[in-house]
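Computation of the quantities below employed the complete heavy-atom set of this structure, encompassing side-chain atoms and omitting hydrogens, waters and symmetry-equivalent molecules.
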Amino acid sequence: MLSTYRVYRYEHLESPAVTAGQGAVLIGAQNGLFPDMGYTVPGEMGGLWAGEKKVCDGFFFAIDDVPLLLADACEAQPTVTAFHYRMQKEQMHVVRRQFIPDGVSGCVIELTVENLRDTPRMAEISFTVRTDILTVAAAHGEGGLELGRDVGEYDEATQAFYARDSRNPWHAVWGADAKSRVLQADLPESVYGFGNTQGKGINGRLFYRLRVGAHAQATMRLFVAGGYASRSMAEDALAGLREHAQEMIGRKQARIDAMMTCSAAALPDEMLSRCWNWAKIYGDWLTRTLPHGGCALCADLPEHPSLYGEGWAQAMGALLPLGGARRVQEMMRTLVRISEEAQLAPGRLARCVSLSGGVTQAGGAKESAQFVALVHRTLLWSGDAAFAGEMLPVTGLCVNYLRRATRDFRDVRQDIREEVCQALAGQAYILRMTGADDRACLAALARIPAPQSVQTLAADVSLEEAALWHGERDHVEQMLGCLSLMARSGLPGLPGALRGPDAAQGVLLASGAAAGLVWPMTEHLFGLEPDAGAKVIRFAPHTPIGWDGWALEHLLIGDACFDVRSERVSPSQARYTITTEAAGWRVNVTENGLERTLPLDGELSLIMGD
């Protein structure tokens, strides 16, 4: 894995830190603490969340009666967040690592103690969890729900603490690995050395001893999990973590390593490289598995714990050039199933979905049009004819719904004209791919007046819109200027994170933010517009002034893998090379106004102007 995926932070450690997985997310600060944060439920959006249920405000450690208050450094990786503590007076160095295994409603914490003494020592570890079991709906008093105070107890038989909300069947559990025996357990009124966060939680503290040799290290593993409907389910979850945590962590690491090799960009601009490559990570952090199967993108973290949301089509589409075509297909299948189960009108799809899989807001004509366009774009990258056939009945219903909503496409509102045109063009492609007649779609598309081209940019246009406008006109340096400004808008300590122009207060990550960077770079820097079904790539790359070249490795299009490279050969020209082991692919290029199609037989090298 590239070294740029391991980032150390030494300043502004009060900034947020996120550790995420498909079943849970842990949100705190880069100094290792868990301050009250967030706005949707004021001060309650941090901590450990398992689906739509919050489990705890955080967890806290003391070693030899010294609280681990403020970390000296924060280490961010795709699968791990680590906090380093220099305990010079005590002659120890402590590292706290936290993971969220795939499919687990909880987290794994590894505490490593390094003994800097010349003699062995027995370190006493206190591990305190501050519960705050709630849902956003219950905190707002919605649906007749009401939060109770948490209650908890230590169980000697399982060597673990259990807690639940006194008014609701929501359970949490925490403990250590099987080899670590509890010396003592208690329920202190406040967290030693830290005080209490707000809320109705309790503090459950466990004491352990860890033997550490002279100038040696020792590690113990601890677990926090929750969101379970019963105590027995919590017990089973803890037992599973104790027995299989190492395997879970290994599987997730292997999966993330494989994901990171896809569409790996190496650019002279380190900030843009980081934004591109970490977009894959953030897409994975925001992906959630649903209780009844399927997966979807969480709208944002941590403020609005819901799936899909505003701009879900753009958010999902941005995963396609990053190697995520199969995942996008699964997300669309999930959306269709959820919409059908909610008995929405034919051709209408959900706009917002709860983390438990219930529709909280139905979409309208815009979402139906965007769905058809997204199916089309996904097919361009996947070439999956079976998926086209699977989606054709749904896209047909969407187009019929659009037809009814627009009086047979004669009364298309200005604000959805572009989406409707994209939907009709997309449906025509889907029909052709499945062997059906596309003439009716093309005729309807011809009836819609073409939007006027924007000749100049408005003063208040967003950076995303400006980047795309410049890219479409081959103003690659101006496009990169916009993208660089976007890259600098992220939060400290979340490497390469982008904040969209409409990011709400408190939002750390938004699923749709990456689209404004991914598509200009894909289509107007790397110059790639594939049609995987036809095995054709339209190739119109650029090498910005001042760049000696760039590389994009392991780009997945259909079933093929490509490497694309640029190497400057003169102030105005560069050599572009595409390589693949797949057979039968062609490349369309335009030079001096003339378009030609070239076979891609293993490798194709072209010298082209900027």
Side-chain angles (χ1 to χ4, degrees), residues 279 282-283 286-288 294-300 304 306-322 324-340 342 344 347-353 359-382 384 387-388 390-392 394-399 401-402 405-406 412-413 415-430 451 462 464-465 468 498 500-503 509-520 522-523 529:
Y282 296 133
L286 289 162
T287 298
R288 297 286 178 273
C295 66
L297 275 182
C298 194
D300 56 41
H304 307 95
S306 63
L307 303 172
Y308 298 101
E310 176 72 25
W312 53 256
Q314 291 86 345
M316 291 160 60
L319 302 177
L320 295 171
L322 304 175
R326 292 188 183 277
R327 193 192 316 176
V328 173
Q329 290 180 188
E330 183 61 26
M331 289 176 180
M332 284 191 283
R333 291 187 181 103
T334 303
L335 179 62
V336 170
R337 174 177 59 80
I338 289 172
S339 302
E340 290 175 347
L344 300 185
R348 293 192 70 179
L349 298 159
R351 183 181 185 186
C352 291
V353 175
V359 175
T360 58
Q361 185 179 2
K366 185 174 185 178
E367 284 74 22
S368 295
Q370 289 178 339
F371 180 83
V372 180
L374 180 59
V375 172
H376 175 211
R377 198 168 221 175
T378 303
L379 292 172
L380 292 175
W381 281 87
S382 71
D384 189 342
F387 181 70
E390 180 185 349
M391 289 292 110
L392 181 59
V394 184
T395 60
L397 290 172
C398 289
V399 171
Y401 169 59
L402 293 173
T406 60
V412 180
R413 301 195 320 263
D415 62 316
I416 63 169
R417 178 179 295 176
E418 183 176 357
E419 286 86 354
V420 171
C421 289
Q422 291 173 349
L424 288 170
Q427 180 69 355
Y429 180 94
I430 297 165
S462 70
E464 288 82 351
E465 293 169 316
L468 190 59
L498 297 169
D502 301 320
L509 296 175
S511 60
L517 178 134
V518 167
W519 286 116
T522 300
E523 296 181 345
E529 295 185 33

Problem set entry | side chain to side chain contact (heavy atoms under 4.5 Å, CB included) between Arg327 and Met316, intermediate numbers included | CA-CA 9 Å; Arg327 193 192 316 176; Met316 291 160 60; over 6 Å; no
For this session: Would you indicate whether the side-chain heavy atoms of Met332 and Phe387 approach each other to under 4.5 Å?
Result: yes
Exercise. Does a side-chain heavy-atom distance below 4.5 Å link Thr406 with Arg413?
Worked result: no
Exercise. Atom CD of Glu523 and atom CG of Leu468: how far apart are they, to the nearest 0.5 Å?
Worked result: 7.5 Å
Exercise. Below 4.5 Å, heavy atoms only, C-beta onward: do Thr287 and Met331 meet side chain to side chain?
Worked result: yes
Problem set entry | Check: Leu349 and Tyr308 side chains under 4.5 Å, non-hydrogen atoms | no
Exercise. Are any of the side-chain nitrogens in Glu330 or Arg333 under 4.0 Å away from the carboxylate oxygens of its partner?
Worked result: yes
Seminar exercise, completed: CG (Leu320) and OG1 (Thr522) are apart, to the nearest 0.5 Å, by 9.5 Å
Exercise. Taking all atoms of both residues into account, what is the closest heavy-atom pair of Ala318 and Ala515, and its distance?
Worked result: CB-CA, 3.7 Å
Problem set entry | Within-4.5 Å side-chain heavy-atom neighbours: Val336 and Glu340 | yes
Problem set entry | Arg348 versus Ser339, closest heavy-atom pair with distance | O-CB, 4.1 Å
Problem set entry | Residue pair Ser511 / Leu297: nearest heavy atoms and the distance that separates them | CB-CD1, 4.1 Å
Exercise. Do you know which two heavy atoms are closest between Gln329 and Ser382, and how far apart they sit?
Worked result: OE1-OG, 3.2 Å
For this session: Nearest 0.5 Å please: distance from the CG atom of Leu335 over to the CD atom of Glu367.
Result: 10.0 Å
Exercise. To the nearest 0.5 Å, how far apart are OG1 in Thr395 and NE2 in His376?
Worked result: 11.5 Å
Problem set entry | Residue pair Cys352 / Gly309: nearest heavy atoms and the distance that separates them | SG-CA, 3.7 Å
Exercise. Are any of the side-chain heavy atoms of Leu319 and Trp381 separated by less than 4.5 Å?
Worked result: no
Problem set entry | Nearest-0.5 Å distance, CZ of residue Arg377 to CD of residue Gln370 | 11.0 Å
Problem set entry | Check: Cys398 main-chain N/O paired with Ser368 side-chain donor or acceptor under 3.5 Å | no
Problem set entry | side chain to side chain contact (heavy atoms under 4.5 Å, CB included) evaluation trace for Leu307 with Arg288 | CA-CA 8 Å; Leu307 303 172; Arg288 297 286 178 273; 4.0 Å; yes
Exercise. Between Ala313 and Leu374, what is the shortest heavy-atom contact and its length?
Worked result: O-CD1, 3.9 Å
For this session: For Glu418, look at atom CD and say whether over 12 heavy atoms of other residues, nucleotides or ligands are found less than 6.0 Å away.
Result: no
Problem set entry | Reported CD-to-CH2 distance for the pair Glu529 and Trp519, which is rounded to 0.5 angstrom | 9.0 Å
